[in-house]
Protein chains: 2
Amino acid sequence: MATRDLILHLGQDLFRTRGFNAFSYYDLADALKVRPAAIHYHFPSKDDLARAIIEQERETFHAFAVKTDRLPDQRQRLRRFVHMFAEHAEAHRLCLLGASGADYASFGAGVHREIQRMATDILAWLERTLQEGRKAGRLAFEGTAHARALMVATNMAASLHLARILGTQEFKRVSQQLLSDLTARPTP
Amino acid sequence: MATRDLILHLGQDLFRTRGFNAFSYYDLADALKVRPAAIHYHFPSKDDLARAIIEQERETFHAFAVKTDRLPDQRQRLRRFVHMFAEHAEAHRLCLLGASGADYASFGAGVHREIQRMATDILAWLERTLQEGRKAGRLAFEGTAHARALMVATNMAASLHLARILGTQEFKRVSQQLLSDLTARPTP
DNA sequence: GTCTATAGTACGATAGAC
DNA sequence: GTCTATCGTACTATAGAC
């Protein structure tokens with residue numbers, strides 16, 4: 001049963017680093033020392049694999065949210081969120097939002113639904129965190145928390161693309177500016 | 001000689017809508033009513049095609065910059081920039097920054113250099129526009145114009161991913177918030 | 001100079017062995 | 001229940017016809 005998890009873990013990494021259409025069942029099988037068809041037993045079609053990868057990521061994010069929400073300071077929660085992306089930037093990985101958004105046309109309706117759920121989960125957490133932070137006077141921003149959540153998510157997602165193209169320092173510039181922008185300053 | 005341009009135009013569209021690894025020489029040949037090998041005459045390898053697509057986009061952006069820089073108001077220049085992305089959002093296309101960032105690992109060093117040039121071109125234009133706009137008192141933002149250019153570019157790039165996943169209205173929310181954030185308000 | 005026929009390989013997926 | 005042998009297809013690319 002560990003095989004399934006190994007496939008999922010490796011599949012997610014290849015999805016993020018290469019793109020969904022740039023890795024094959026052979027790549028997975030080769031790394032796991034089995035035949036390609038063994039992967040088909042666990043994930044009959046490639047769409048099944050995609051679906052499971054996104055599903056797993058939703059669970060991972062849920063666990064992150066539960067753990068992070070214990071922090072009393074919303075600024076710190078946001079920093080944790082940014083830190084998650086920083087690790088991807090270093091490893092030249094995309095987030096699954098960026099990766100699956102790029103290969104979106106390759107997937108069927110089932111995978112699309114799963115991706116939509118993932119996107120709304122992440123955006124809802126951001127929106128709530130931003131809203132609470134502003135209410136508590138720790139975060140400051142213009143407009144609705146929903147719009148701001150979209151801004152934060154898109155900053156993070158695409159800065160992983162830029163980190164690949166121009167280097168990790170570009171990710172750092174974005175994340176620093178982002179946290180600085182959102183941090184409430186004592187009005188003089 | 002029109003064939004080459006047709007290939008480039010169609011190739012760019014497929015690159016953006018499907019991803020570079022999700023379209024083939026056959027797709028191009030089929031649409032152009034020729035054999036796949038005819039494409040190889042114009043672009044021997046797929047990397048040659050990628051390079052030419054990015055090169056063409058750099059020229060397109062240069063033409064956009066020259067034309068747009070004639071506008072005296074930097075806010076209007078930014079609106080034109082955003083409008084460019086809005087058209088892609090409607091057509092479920094990504095920008096080439098997002099598309100090539102996702103498929104980055106598939107390309108050789110030559111294509112990487114071309115993508116880097118494209119990225120720096122776009123960011124340099126944004127930086128200059130933001131800088132000038134702030135100096136003129138029409139735009140307002142915290143931090144360096146360089147950091148802000150990164151924020152704007154990443155907002156635009158990834159909102160095209162989100163537009164695919166959750167719908168075009170998400171792109172509109174991002175672009176409205178972005179322009180609102182940057183527009184200088186008369187200090188009361 | 002432009003394109004076609006065709007090779008050689010790698011892909012996702014099925015049918016069936018253990 | 002787990003995996004292997006194998007099929008049919010689609011890919012990029014080359015060699016050579018017009």
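Chain identifiers are assigned alphabetically (A, B, ...) following the order of the sequence lines, protein sequences preceding nucleic acid strands; residue numbering begins at 1 within each chain.
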* Asked: Where do Phe107(B) and Ser100(B) come nearest, in terms of heavy atoms and distance?
  -> CE1-O, 3.9 Å
Under 3.5 Å between N/O atoms: give me all the protein pairs with nucleotides 10-12 of chain C, atom names plus distance.
residue, atom, partner, partner atom, Å
dC11(C), OP1, Ser24(A), OG, 3.3
dG12(C), OP1, Lys46(A), NZ, 2.9
dG12(C), OP2, Tyr25(A), N, 2.9

* Asked: Rounded to the nearest Å, what distance is computed from the CD1 atom of residue Ile39(B) to the C1' atom of nucleotide dC11(D)?
  -> 14 Å
* **Ion pair check, Glu57(B) and Arg16(B), cut-off under 4.0 Å** => yes
* Asked: Any sub-3.5 Å donor-acceptor pair from Lys46(B)'s side-chain atoms to Phe20(B)'s backbone N or O?
  -> yes
* Asked: Atom CG of Asp30(B) and atom P of dA10(D): how far apart are they, to the nearest Å?
  -> 12 Å
* For Arg35(A) and dC7(D), what is the distance between atoms CZ and C1' respectively, to the nearest whole Å? -> 17 Å
* Asked: Does His42(B) make a side-chain N or O approach to OP1 or OP2 of dG1(C) shorter than 4.0 Å?
  -> no
* **For atom OH of Tyr41(A) and atom P of dG16(C), their distance in whole Å** => 18 Å
* Considering non-hydrogen atoms only, spot the tightest contact between Glu55(B) and Glu114(B) and give its length. => CG-OE2, 3.6 Å
* Asked: Mapping Pro44(A) and Lys33(B) to their closest nucleotides on DNA chain C, which lands nearer the 5' end?
  -> Lys33(B)
* Asked: Which atom pair, heavy atoms only, marks the closest approach of Gln56(A) to Leu8(A)?
  -> OE1-CB, 3.8 Å
* Asked: Is a donor on one side and an acceptor on the other found under 3.5 Å between the side chain of Asp5(B) and the backbone of Ala2(B)?
  -> no
